[in-house]
Amino acid sequence: EIDAQDSYDYTASHVDKANVASYDYRLVAHGTMQGHSFQGGDFAFNDLDEDQLVEPVQGRCVLFPSGAYHLHQAREVESGSRFVLAMWFTLTQERGEVIQKRLDNKIAEMQKDLAIVPQMPLFAKKIS
């Protein structure tokens with residue numbers, strides 16, 4: 001888990017499951033488009049012979065298993081801002097329940113901090 005004080009090198013090649021054993025699948029959803037919002041920043045699957053590049057296109061989603069055969073990285077952004085939504089999925093029910101409990105607690109904290117009515121969607125504001 002990364003907090004605001006940790007640094008993280010997004011350009012380092014890595015395998016998600018090596019970092020968190022319960023990560024079975026990874027999804028990367030691109031929110032910005034290469035060549036318009038930023039330069040550089042390719043998503044790369046690393047291979048001994050030749051890396052396979054996925055061009056970041058707004059709205060493109062990349063879903064892949066998190067195992068050792070999917071070594072990957074984001075290439076360095078040369079200019080601009082690259083936005084992605086990264087999600088990980090588990091197939092382990094026990095771990096999924098732990099994650100769900102943590103998520104429920106975090107949502108409850110946010111609702112309290114933002115004075116959100118619990119029955120309403122997360123980003124709806126309470127009307128006095």
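Residues take their numbers from the sequence shown, with the count starting at 1.
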| field | For the student: nearest non-hydrogen atoms of Ala44 and Leu53, plus distance | value | CB-CD2, 3.5 Å
| note | On a heavy-atom basis, the closest approach of Arg82 and Pro56 is NE-CG, 4.2 Å
| N/O donor-acceptor pair under 3.5 Å between Gln34 side chain and Gln39 backbone | no
| Looking at NZ of Lys17 and OH of Tyr69, how far apart are the two atoms once the value is rounded to the nearest 0.5 Å? | 8.5 Å
| request: Look at the side-chain heavy atoms of Ile, Leu, Val, Met, Phe, Trp and Tyr, link any pair under 4.5 Å apart, and say whether Met33 and Leu85 land in one connected group. | output: no
| said: Distance check, rounded to the nearest 0.5 Å: Thr32 atom OG1 versus Phe38 atom CZ? | reply: 4.5 Å
| field | Interatomic spacing from CG in Asp9 to CD in Glu76 - rounded to 0.5 Å | value | 8.5 Å
| task | State, to 0.1 Å, how close Ala86 and Arg26 come at their nearest heavy-atom pair, and which atoms those are. | result | CB-NH2, 3.7 Å
| Do Phe64 and Leu91 belong together in a cluster built from hydrophobic side chains that touch within less than 4.5 Å? | no
| query | Do side-chain atoms of Gln73 reach the backbone of Thr11 as a donor and acceptor pair under 3.5 angstrom? | reply | yes
| Which atom pair, heavy atoms only, marks the closest approach of Pro65 to His70? | O-ND1, 3.2 Å
| task | Answer yes or no: is there a side-chain heavy-atom contact under 4.5 Å between Asp16 and Trp88? | result | yes
| query | Step by step, would you call His30 with Val28 a side-chain contact (heavy atoms from CB on, under 4.5 Å)? | reply | CA-CA 6 Å; His30 296 278; Val28 177; 4.1 Å; yes
| said: Give me the atom names and distance for the closest heavy-atom approach of Val54 to Val62. | reply: CG1-CG2, 3.8 Å
| Within the distance-only criterion (no hydrogens, no angle test), does the side chain of Thr90 pair as donor or acceptor with the backbone N or O of Ser22 below 3.5 angstrom? | yes
| field | Nearest heavy-atom neighbours spanning Arg60 and Glu55 | value | NH1-O, 2.7 Å
